[in-house]
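One structure is given below, encoded as structure tokens.
If you read the sequence from its start, that first residue is 1, and numbering goes on from there.
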Amino acid sequence: MRVVVGMSVTDVDRRQDLLGWAAELDASLAFLQMGDPSLSAELTRIADSGARAITLAGVSLGPLAPGHSWLRRIAAHWWRERAGERPTIQVATGLATTRDELAEVLTETRPVTGTEPGLTSPAWERVPDHVRQVLICRGPRCTAKGSEETARAVILSAMEAGLGDDDLLITHTGCQFPCNQAPVLSVQPDDVWYGHVEAAAARVIVRDHLADGRPVEAYRLPR
């Protein structure tokens with residue numbers, strides 16, 4: 001049995017596309033984050049159906065996707081925790097970023113052995129030292145109005161401005177409610193909310209607010 005695994009929030013938004021890609025390979029679809037079914041739930045469903053072998057292929061279509069190693073980590077964690085009969089699991093060694101790449105990445109796989117790193121690390125023990133958290137709405141209206149490009153512009157502009165983990169924690173969220181102002185972005189603990197944040201606006205917000213500490217009144221929403 002094959003499973004196509006969406007790695008990023010964008011992949012959840014592209015569910016219908018990915019369902020079509022998976023169907024072409026006689027595969028099912030699962031998600032690593034913010035989408036159902038989760039990878040763990042899909043592995044359980046397939047294993048409970050009696051499958052003896054499962055092959056996973058990761059797809060990454062958007063920004064803020066975790067590294068490829070997380071596909072193996074999550075699969076290995078499930079395999080170690082699985083009670084009773086456990087299927088063998090093969091994981092494609094590369095991630096697909098296009099439809100054509102998906103079949104190609106499935107030609108080279110490595111087995112899950114159970115010795116892969118776990119889900120904890122000393123580096124993830126404490127709250128990070130970021131000054132600000134940038135919350136990018138990925139609810140249905142914001143997504144429909146281009147919040148994927150908003151997120152991409154924030155990430156790339158922050159990198160260009162030299163802002164790192166000690167400066168920003170960039171987070172995708174569900175609906176933040178002022179949906180008529182989509183795409184919506186908020187900055188905490190500054191308690192600043194922005195509306196109509198398309199990519200060009202996002203670059204201005206990064207430059208003036210996140211890098212220089214000056215909220216951008218042209219896109220700021222009243223509180």
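- Under a 4.5 Å side-chain heavy-atom criterion applied to ILVMFWY residues, the cluster that includes Val9 comprises Met34 as well.
- When atom types are taken as modelled, the side chain of Thr143 and the backbone of Pro140 share no donor-acceptor pair closer than 3.5 angstrom.
- Taking the side chain as every heavy atom from C-beta outward, Val204 and Arg207 approach each other to under 4.5 Å.
- Every residue two or more places apart in sequence or in another chain was checked for a salt bridge (Lys or Arg N to Asp or Glu O under 4.0 Å) with Arg73, and none qualifies.
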### Test log, rule side-chain contact (heavy atoms from CB on, under 4.5 Å), inputs Trp78 and Val112
CA-CA 10 Å; Trp78 177 87; Val112 166; over 6 Å; no
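- Between Pro87 and Ala51, the shortest heavy-atom distance links the atoms CB-O, 3.5 Å.
- Here CZ of Phe31 is found 9.5 Å from OG of Ser8. Values are rounded to the nearest 0.5 Å.
- For Ser121, the side chain to side chain contact (heavy atoms under 4.5 Å, CB included) criterion is met by Ala123, Trp124, not counting sequence neighbours.
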### Task
Please report the C-alpha distance between Leu56 and Leu39 in whole Å, then the side-chain angles of each, then the deciding distance to 0.1 Å, and finally whether the side-chain contact (heavy atoms from CB on, under 4.5 Å) criterion is met.
CA-CA 10 Å; Leu56 307 178; Leu39 174 57; 4.1 Å; yes
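- Here the NE2 atom belonging to His77 is positioned 11.5 Å from the CG atom belonging to Leu43, to the nearest 0.5 angstrom.
- Contact detail for Cys137 and Gly139: the closest heavy-atom pair is SG-N, 3.4 Å.
- The side chain to side chain donor-acceptor pair (under 3.5 Å) pairs that include a residue from residues 47-67 are Asp48-Arg82, Arg52-Glu85, where partners are two or more places apart or lie in different chains.
- Pairs engaging residues 177-200 under the salt bridge (charged side-chain N to carboxylate O under 4.0 Å, His left out) rule: Arg132-Asp190, Asp191-Arg223 [sequence neighbours left out].
- Both Val12 and Leu61 are part of a single hydrophobic cluster, where members link through side-chain heavy atoms under 4.5 Å apart.
- Rounding to the nearest 0.5 angstrom, the gap separating the OH atom in Tyr219 from the NE2 atom in His209 is 15.0 Å.
- Of all non-hydrogen atoms in Arg80 and Gly118, the two that sit nearest each other are NH2-CA, 3.6 Å.
- For Asp208, the salt bridge (Lys or Arg N to Asp or Glu O under 4.0 Å) test picks out Arg214, with sequence neighbours left out.
- At least one side-chain heavy atom of Arg14 sits under 4.5 Å from a side-chain heavy atom of Trp21.
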### Message
Between Leu119 and Ile74, does the side-chain contact (heavy atoms from CB on, under 4.5 Å) criterion hold? Intermediate values first, please.
### Response
CA-CA 8 Å; Leu119 301 187; Ile74 299 299; 3.8 Å; yes
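- Both Val197 and Val206 are members of a single hydrophobic cluster when ILVMFWY side chains are connected at heavy-atom separations under 4.5 Å.
- Summarising the geometry of His196 relative to Asn180, their closest heavy-atom pair is CE1-O, 3.6 Å, with the distance given to 0.1 Å.
- For Ser147 (side chain) and Cys142 (main-chain N/O), a donor-acceptor pair under 3.5 Å exists by modelled atom type.
- The salt bridge (charged side-chain N to carboxylate O under 4.0 Å, His left out) contacts involving residues 134-145 comprise Asp13-Arg138, where partners must be two or more places apart or lie in separate chains.
- Residue pairs meeting the salt bridge (charged side-chain N to carboxylate O under 4.0 Å, His left out) criterion with at least one member in residues 106-124, sequence neighbours excluded: Arg72-Glu116.
- Scanning for side chain to side chain contact (heavy atoms under 4.5 Å, CB included) contacts around Ala96 gives Val59, Glu101, Leu102, Val105, with sequence neighbours left out.
- Leu19 and Val3 fall into different hydrophobic clusters, defined by Ile, Leu, Val, Met, Phe, Trp and Tyr side-chain heavy atoms under 4.5 Å apart, directly or through other members.
- Shown here for Thr150 and Ala202, the closest heavy-atom pair between the two residues is O-CB, 4.0 Å.
- Residues Val192 and Leu135 do not share a hydrophobic cluster, clusters being chains of Ile/Leu/Val/Met/Phe/Trp/Tyr side chains in contact below 4.5 Å.
- The line from CD1 of Ile46 to CE of Met1 is 4.5 Å long, rounded to the nearest 0.5 Å.
- The hydrophobic cluster around Trp193 extends to Val184, Leu221, counting ILVMFWY residues whose side-chain heavy atoms fall within less than 4.5 Å of a member.
- Not counting sequence neighbours, the partners of Glu217 by the side chain to side chain contact (heavy atoms under 4.5 Å, CB included) test are Pro215, Arg220.
- Side-chain atoms of Tyr194 do not come within 3.5 Å of backbone N or O of Val187 as any donor-acceptor pair.
- No single ILVMFWY cluster, assembled from side-chain heavy atoms under 4.5 Å apart, contains both Leu106 and Ile89.
- Remark: Arg45 CZ to Ser28 OG distance equals 5.5 Å, nearest 0.5 Å.
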Show me, pair by pair, the donor-acceptor contacts under 3.5 angstrom made by side chains of residues 160-174, not counting sequence neighbours?
residue : atom : partner : partner atom : Å
Asp167  : OD2  : Gly164  : N            : 2.8
Thr171  : OG1  : Gln133  : NE2          : 2.9
Thr173  : OG1  : Gln176  : NE2          : 3.0

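- Atom CG of Leu95 is separated from atom CE of Met7 by 5.0 Å, given to the nearest 0.5 angstrom.
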